[in-house]
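Chain identifiers are assigned alphabetically (A, B, ...) following the order of the sequence lines, protein sequences preceding nucleic acid strands; residue numbering begins at 1 within each chain. Below, all heavy atoms of this structure are taken into account, side chains as well, without hydrogens, waters or symmetry copies.
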Number of protein chains: 2
Amino acid sequence: MNSKAELEKDLTAEAKIKAAALKLFTQKGFDAVKTREIAAEAGINLALLNYYFRSKENLFELIMLENMSMFAAGISVIIHNSATTLDAKISALTSHYIDILIKNPNVPQFVLNEMQSHPEKITDIIGQKINIFQSDLMKQVQQEMQKGHLVNLSHPIQYFVNLLALTIFPFVSRPLLMKLGDINDEAFAQMMEGRKKMLPVWLKAMYAPKTKNE
Amino acid sequence: MNSKAELEKDLTAEAKIKAAALKLFTQKGFDAVKTREIAAEAGINLALLNYYFRSKENLFELIMLENMSMFAAGISVIIHNSATTLDAKISALTSHYIDILIKNPNVPQFVLNEMQSHPEKITDIIGQKINIFQSDLMKQVQQEMQKGHLVNLSHPIQYFVNLLALTIFPFVSRPLLMKLGDINDEAFAQMMEGRKKMLPVWLKAMYAPKTKNE
DNA sequence: GTCTATAGACTGATAGAC
DNA sequence: GTCTATCAGTCTATAGAC
């Protein structure tokens, strides 16, 4: 029954709209995307969008929530786990994060941008879903700090900031890096793949006590 | 002649519009800001905006260019200087960058966002103004790499990425950090001030060869 | 469920008075 | 230079046919 043209498009209208909205919202942000554009991208009519989702804002919030959940799900499992070492958590976290980001390179910029325009909304969701301050990850960082195994660190939040910065920032500055380094999407993904190995090494070295006298 | 109400507002209409546009564009991005909103913020009429700047897009590009020039000016001087050491450049660069960013915390997110929607436009400007690859900074990084003084570094661009990430990312994730850490603008600025001292230390430690056998 | 047609509000820009 | 009033186009959302 499926024509060749529909081979890849065997989705309900609702799913097609969500896929189109996800793509466009993450690319351009809420205000830059018009409902007509989403409808066209989904290959359906404008009226159908409102039939399924009542309003543009409603559709947006749904997309945003699903997006954040996808990111939060894997991370939460890793950081709330008392059975793994700090080093193991960092390796798992950076590796997992980069894998998702390579597949969704526009999402970080999208989330950060929404965070700027509607801070309460987004930070609430992240705070609930991740709950970093009550995680085993944070506990272990504090323990290591007390033991003196992590130097040059005034507050555990700095550890967290630097981890996120080194992991996420290359993706939000992707257009610049691709231009300056004169590389394409594939080469960029490869470069990020290479960072997977390096991130735990760098993060450990940043706070490593000097070992001159050993 | 100036009334009390105008005490702080002794600016030409043109300057008031530019100030309002800068504030709103950096806060919300091009599409989210309406011309009527800029006019209201500037305390002038909508028609006057078009009288001075012909169009919204024109006004935007002007603001963007001035913004980028402000950032690029100081940086260019630092990285194109064969008389200073690599360490001195890093200290000057991070310190100078953070000072500007504390005063303009919304600008990085604004620039990154525009970079996403109009990559060619922004990356061209940055590439021209900064020209990182032909800088003395890059030459010195490559020299140090060849001498084996920088380990764990596959390509000099990674050095550059990590430098930018650790410097800029806290500002683009500012709303999240303020929420999670439960801090206000002043405390955030103080936290960034504290990072000024740490950034050169961290960046040096990341690539420092082990010194066990000394 | 899916479409066409259109209502109703908003947007960027301009004409023209002062 | 600065304003009021308004045009022409676009936007989201809905009414109503099938």
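Residue pairs that meet the salt bridge (charged side-chain N to carboxylate O under 4.0 Å, His left out) test with at least one member in residues 86-104 of chain A, sequence neighbours left out, are A:Asp87-A:Lys204, A:Asp99-A:Lys196. Contacts classified as side-chain hydrogen bond (donor to acceptor under 3.5 Å, both in side chains) and involving residues 54-69 of chain A (residues at least two apart or in different chains) are given here: A:Lys18-A:Glu66, A:Glu61-A:Lys121, A:Ser69-A:Lys129. Sorted by first and then second residue, the side-chain hydrogen bond (donor to acceptor under 3.5 Å, both in side chains) pairs with a member in residues 19-30 of chain B read B:Lys23-B:Glu41, B:Lys28-B:Glu37; sequence neighbours excluded. Judged as a salt bridge (charged side-chain N to carboxylate O under 4.0 Å, His left out), not a single pair has a partner in residues 157-173 of chain B (not counting sequence neighbours).
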B:Ile38 vs B:Phe53, side-chain contact (heavy atoms from CB on, under 4.5 Å): CA-CA, chis, key distance, verdict: CA-CA 12 Å; B:Ile38 300 174; B:Phe53 301 98; over 6 Å; no

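A 4.0 Å heavy-atom criterion places the boundary nucleotides of DNA chain C facing chain B at C:dT11 to C:dA15, written 5' to 3'.
Taking a 6.0 Å sphere around CG of B:Asn184, one finds it holds more than 12 heavy atoms contributed by other residues, nucleotides or ligands.
Contact check of residues 23-37 of chain B against DNA chain C (heavy atom, cut-off under 4.0 Å) returns B:Val33, B:Lys34, B:Thr35, B:Arg36. Listed in residue order, the members of residues 49-57 of chain A having a heavy atom less than 4.0 Å from DNA chain C are A:Tyr51, A:Tyr52.
By the side chain to side chain contact (heavy atoms under 4.5 Å, CB included) test, A:Ala15 is found to be paired with A:Leu11, A:Thr12, residues two or more places apart in sequence or in another chain being considered. Under the rule for a side chain to side chain contact (heavy atoms under 4.5 Å, CB included), the partners of A:Val201 that lie at least two apart in sequence or sit in another chain are A:Met198, B:Asn152. Under the side-chain hydrogen bond (donor to acceptor under 3.5 Å, both in side chains) criterion, A:Asp136 pairs with no residue, sequence neighbours left out. Legend: residues meeting side chain to side chain contact (heavy atoms under 4.5 Å, CB included) with B:Ser117, ordered by chain and number and at least two apart, are B:Glu114.
Between A:Pro108 and the options A:Thr167, A:Leu101, A:Ile100, A:Leu164, a side chain to side chain contact (heavy atoms under 4.5 Å, CB included) holds for only A:Leu101.
Ring centers of B:Phe25 and B:Phe60: under 6.0 Å apart, within the cut-off.
Rounded to 10 degrees, the angle between the two end axes of the helix from C:dG1-D:dC18 to C:dC18-D:dG1 is 10°, with five pairs used at each end.
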